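In what follows, a structure is listed as structure tokens, so that the remarks can point back to it.
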Amino acid sequence: MKEEVSLFKALSDETRFKIVALLDGKELCVCQIESALGLSQVKVSRHLTILRYAAWSKAGVKGCGSIIRS
């Protein structure tokens with residue numbers, strides 16, 4: 001139950017909800033998320049950290065930088 005509460009809290013933020021919608025089963029580079037949402041790298045990284053702690057996203061590194069997937 002605790003994990004579900006954590007996930008819903010993470011998704012209560014509009015920006016994080018948009019990130020989840022962008023990923024929708026795909027892998028994206030942080031720079032692609034930045035560009036799509038018009039946010040800085042710092043803000044995107046902060047939101048992704050919250051999503052990762054809520055056990056929603058996973059990160060890896062390929063080529064240009066961090067790759068995020070749902």
Side-chain angles (χ1 to χ4, degrees):
M1 178 81 163
K2 208 174 198 179
E3 289 176 7
E4 289 87 358
V5 170
S6 179
L7 180 61
F8 282 116
K9 282 183 181 180
L11 293 175
S12 68
D13 181 84
E14 184 178 353
T15 301
R16 289 191 288 273
F17 191 80
K18 287 178 181 178
I19 291 171
V20 169
L22 274 174
L23 289 170
D24 192 26
K26 299 178 276 190
E27 290 186 350
L28 293 176
C29 216
V30 172
C31 60
Q32 292 171 307
I33 298 170
E34 289 173 42
S35 178
L37 298 178
L39 297 173
S40 69
Q41 185 271 330
V42 172
K43 287 187 179 185
V44 170
S45 291
R46 177 70 181 133
H47 287 295
L48 289 171
T49 299
I50 292 168
L51 287 170
R52 198 165 25 259
Y53 282 125
W56 187 85
S57 69
K58 298 175 185 155
V61 178
K62 280 187 193 173
C64 70
S66 296
I67 300 293
I68 311 302
R69 61 187 166 280
S70 55

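All values reported here derive from a predicted model rather than from experimental measurement.
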Interatomic distance, NZ@Lys43 vs CD1@Ile33, rounded to 0.5 Å, equals 15.5 Å
Determine whether a donor-acceptor pair (N or O, by modelled atom type, separation under 3.5 Å) exists between the side chain of Arg16 and the backbone of Ala10.
yes
I need the Glu27 CD to Gln32 CD distance, nearest 0.5 Å.
10.0 Å
Check for me, please, whether Leu28 and Ile19 land in the same ILVMFWY cluster - side-chain distances under 4.5 Å, paths through other members count.
yes
What is the distance from atom CG of Leu37 to atom CD of Glu14, rounded to the nearest 0.5 Å?
10.0 Å
Measure the CD1-OG distance between Ile50 and Ser12 for me, rounded to the nearest 0.5 Å.
9.5 Å
Close side-chain approach of Val44 to Thr15, heavy-atom, < 4.5 Å
no
Taken in chain and number order and not counting sequence neighbours, the residues that satisfy side chain to side chain contact (heavy atoms under 4.5 Å, CB included) with Lys9 are Val5
Please report the interatomic distance CG(Leu39) to CZ(Arg46), rounded to the nearest 0.5 Å.
14.0 Å
Do the side chain of Ser35 and the main chain of Cys31 share a donor and acceptor less than 3.5 angstrom apart?
no
Go through the steps for Leu11 and Leu51 under the test side-chain contact (heavy atoms from CB on, under 4.5 Å), then give the verdict.
CA-CA 8 Å; Leu11 293 175; Leu51 287 170; 4.2 Å; yes
